[in-house]
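Residues take their numbers from the sequence shown, with the count starting at 1.
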Amino acid sequence: MNQKKAFIVSLLVLPLLAQAQEKTTFQTSGPWKPTTDIRSDVVMVYGANDRRNMTFEQRLDSWRKRGYKTHFMTGIAWGEYQDYFTGKWDGRWHLDEGQKTMKGDTIWHGHMVPYIVPTMNYLKYFKERHIKRVVDAGVDAIFLEEPEYWARSGYSEAFKREWKDFYGFDWRPQHLSAENTYLSNKLKYHLYYRALNEAFTYAKEYGRSKGMDVRCYVPTHSLLNYSQWQIVSPEASLASLDCVDGYIAQVWTGTSREPNYFNGKAKERVFETAFLEYGCVESMTEPTHRKVFFLTDPIEDWPRDWADYKQNYQATFTAELLYPRNDNFEVMPWPDRIYEGLYRVAANSEEKAHIPRFYATQMQVMINALNNVPKSDNKVSGSHGVSVLMANSLMFQRSPKPVEGYDDPQLSNFYGEALPFVKRGVPVSIVHLENVGYADTWKDTRVLLMSYSNLKPLDPKAHKHIAEWVKQGGVLVYSSRDDDPYQKIKEWWTEGDNSYDAPSEHLFQQMGMPLKAAEGSYVYGKGRIYVIRQNPKEFVMAEGGDAKLVATVKKAYEDDAKAGTLEFKNSFFLERGYYDLVSVLDENVTGSEPFTLRGNFIDLYDNTLPVLHEKTVAPGTQAFLVNLDRVENPAVPQVVAAASRQYDEVRSAKSYAFVSKSPINTTNAMRVLLPAKPKTVSVKDEKGQPVTFEKSWDKQTKTLFLTFDNSPEGRAVSVKW
């Protein structure tokens with residue numbers, strides 16, 4: 001096909017593809033405004049209630065008129081549901097259905113907005129009052145976010161009634177024993193599993209009655225974060241429900257800055273934590289073939305200063321893009337607070353200001369790149385095949401205060417297995433215990449790190465799958481003293497015909513090992529099991545505590561799994577389409593040298609989009625670059641970076657034109673790759689009037705830099721050479 005015909009085909013096909021895709025999205029409770037028109041494929045309109053003299057349907061329509069697909073989002077565990085709690089819906093007050101602490105205090109999310117015990121009556125209200133309305137409005141994708149039950153709650157009368165129905169015996173105060181804590185959190189997990197099953201099944205059935213295919217998604221924090229924040233949620237188990245089509249991985253600065261221990265020191269490790277959080281959700285969804293959107297947020301819920309937001313946004317943004325098999329993104333939540341909110345201008349200042357122009361430009365460059373970032377078969381640099389086991393029951397052993405002496409500071413029994421390798425530049429993966437029955441779960445794992453110090457298996461069948469994987473050549477490293485009080489609770493391994501002192505004994509039995517296997521190595525089939533009789537938290541809560549684990553895993557990887565050399569380094573690097581991503585680790589575990597790239601780059605973490613021929617990334621920082629040497633068809637005129645989204649592109653042998661759209665009150669910056677230096681450049685508004693702009697030409701890379709004020713109505717750019 002010649003170039004002219006290719007241009008014609010692209011002009012016909014690309015708009016159709018853009019219309020069909022749901023690659024990028026964001027959430028807002030407001031109507032369309034010129035300040036929040038960020039030009040993603042989809043908008044999730046939040047809440048079905050009418051507000052500010054505007055109905056829900058009018059809010060939807062305001063976005064549809066601007067070319068957006070409209071989806072719906074609301075909270076399942078909290079929301080503006082006062083008509084239910086005050087009796088307006090069924091004539092009875094329901095404030096007793098709020099989650100309550102041991103002191104009898106309701107846990108509130110806002111004024112008259114309690115965190116909810118999702119009773120069947122509440123779910124009946126929720127379906128009839130909210131789900132039905134949005135389906136009637138023509139919405140075919142529903143996002144019910146944050147199914148959250150606080151570990152410190154579990155004392156309300158509504159919860160006590162649910163306990164009796166679920167367990168068949170009277171409620172027990174969770175703080176009195178480890179078993180009560182486990183049973184309480186397990187019930188909380190069940191209640192939101194049931195709630196989402198009820199709501200989504202209704203949405204799909206009601207949609208079908210109207211000839212619609214309604215898709216249902218769960219926006220949720222990672223299992224890692226919920227466990228650390230002591231919140232219970234169904235997480236990985238939801239993928240077993242036919243009514244669940246996917247998730248949003250709610251990972252951002254606020255979740256990833258939660259301190260963790262490494263080398264004896266507790267501190268924020270935002271990039272490393274975000275990397276593990278995104279990996280946690282990817283591994284939860286990929287074996288079950290559910291769709292997942294990765295979220296980042298240019299700010300966070302907690303008020304801080306703009307420099308802090310920028311630094312940590314770059315860390316989380318880099319982390320999400322280091323998972324090249326996912327290309328769906330929630331580019332931001334709540335654009336109203338990002339563009340219109342006031343935050344501190346400096347860490348030591350109480351002065352507040354709107355988002356700085358330079359940061360808005362950089363942010364828009366980044367989110368518009370997400371519209372183009374492709375999936376990739378490339379892998380992050382480093383030795384692949386080391387995985388850490390997780391399970392929903394991580395949440396069941398969490399409590400506000402230690403119970404029967406059990407304590408896991410900052411979830412160190414998880415980080416004790418993961419951080420020693422992430423900090424050495426090993427791209428650790430996650431395996432979810434709930435997914436071990438899926439063949440795809442095991443395809444990239446050569447060595448599995450496992451502990452029952454902080455989680456327990458809900459189903460003995462999982463051990464059959466793990467044992468079979470080892471038999472076929474997998475290498476298991478099991479680290480635990482198996483001495484925590486949760487080992488002795490009434491569960492499948494202690495009840496009926498079973499009388500194991502710990503669930504690991506059942507697993508070891510499947511592999512022909514002594515039930516109380518001593519520290520050492522054991523052979524099963526083609527594989528091997530290493531037992532370390534330490535709790536994983538001991539690997540990170542003391543300086544140098546990870547030496548035995550690291551040496552064991554290195555031997556397991558190289559000698560037993562024969563997976564090659566286990567490479568230790570201080571960086572992660574990925575080529576993804578024409579983008580390069582780099583993160584350099586700090587704390588000097590494997591060196592403090594920077595990472596340097598050479599070539600022709602555009603720096604997307606700089607609002608001026610400079611052309612660089614060398615980029616040096618220091619420890620503790622990240623880089624996001626366009627690699628101009630890897631642009632396909634460089635002779636074809638194209639925008640390779642911009643703080644706007646481009647529409648209506650028209651190319652000829654001597655010209656290139658397009659319409660650029662982005663929110664008002666922001667500054668556009670873009671680099672345009674051209675065959676030759678332009679002779680004329682013009683920028684006009686929607687009325688055809690000239691718009692002031694600045695330009696410069698980089699001869700070596702043949703890129704035109706343009707900057708001008710943005711507009712959601714569009715700026716018509718025309719370049720001739």
Exercise. Between the side chains of Asn378 and Glu575, does any donor sit under 3.5 Å from an acceptor?
Worked result: no
Exercise. Would you find a donor on one side and an acceptor on the other, under 3.5 Å apart, between the side chain of Ser571 and the backbone of Val584?
Worked result: no
Problem set entry | Lys615/Asp603 ion pair, N-O < 4.0 Å | yes
For this session: Using a strict cut-off of less than 4.0 Å between a Lys/Arg side-chain nitrogen and an Asp/Glu carboxylate oxygen, indicate whether Asp560 and Lys526 qualify as a salt bridge.
Result: no
Exercise. Judged by modelled atom types alone, do Asn413 and Asn535 share a side-chain donor-acceptor pair under 3.5 Å?
Worked result: no
Seminar exercise, completed: Smallest heavy-atom separation, Asn668 atom then Thr707 atom, equals O-OG1, 2.7 Å
For this session: Examine the side chains of Tyr647 and Arg39 and answer whether a donor and an acceptor come within less than 3.5 Å of each other.
Result: yes
Exercise. Going by atom types alone, do Ser256 and Thr273 pair a side-chain donor with an acceptor below 3.5 Å?
Worked result: no
For this session: Let me see the working for Glu300 and Tyr343 under side-chain hydrogen bond (donor to acceptor under 3.5 Å, both in side chains), right down to the final yes or no.
Result: CA-CA 11 Å; Glu300 62 167 307; Tyr343 301 93; over 6 Å; no
Problem set entry | Ionic contact status for Lys423 with Asp546, cut-off 4.0 Å | no
Exercise. Within a radius of less than 6.0 Å around CD of Glu694, do more than 12 heavy atoms belonging to other residues, nucleotides or ligands occur?
Worked result: no
For this session: Check His221, Arg257, Met332 against Trp252 for a side chain to side chain contact (heavy atoms under 4.5 Å, CB included) and give me the one that passes.
Result: His221
For this session: Ignoring hydrogens and angles, state whether a donor on the side chain of Arg269 or Asn260 is under 3.5 Å from an acceptor on the partner side chain.
Result: yes
Exercise. Regarding Asn263 and Glu587, is there a side-chain donor-to-acceptor distance under 3.5 Å anywhere?
Worked result: no
For this session: Give a yes/no verdict on a cation-pi contact between Lys554 and Phe568, requiring under 6.0 Å between NZ or CZ and the six-membered ring centre and an angle within 45° of the axis.
Result: yes
Problem set entry | Thr703 versus Arg671, side-chain donor and acceptor atoms under 3.5 Å | yes
Problem set entry | Distance-only donor-acceptor check, side chains Glu282 and Tyr247, under 3.5 Å | no
Problem set entry | Asp629/Arg598 salt bridge by N-O under 4.0 Å criterion | no
Problem set entry | Inter-residue atom distance Thr361.OG1 - Asn607.CG, 0.5 Å rounding | 5.5 Å
Exercise. Ser644 and Ser660: side-chain hydrogen bond (donor to acceptor under 3.5 Å, both in side chains), yes or no, with the steps?
Worked result: CA-CA 6 Å; Ser644 61; Ser660 173; 2.7 Å; yes
Exercise. Do Arg357 and Thr667 have side-chain N/O donor and acceptor atoms under 3.5 Å apart?
Worked result: yes
Exercise. Among side-chain atoms of Thr220 and Glu235, is any donor-acceptor pair under 3.5 angstrom?
Worked result: yes
Exercise. Does a donor on one side chain and an acceptor on the other come within less than 3.5 Å for Tyr313 and Gln362?
Worked result: no
Exercise. Hey, are Glu277 and Ser222 close enough side-chain-wise for a donor-acceptor pair under 3.5 Å?
Worked result: yes
Exercise. Is a salt bridge present between Asp444 and Arg325, judged by a nitrogen-to-oxygen distance below 4.0 Å?
Worked result: yes
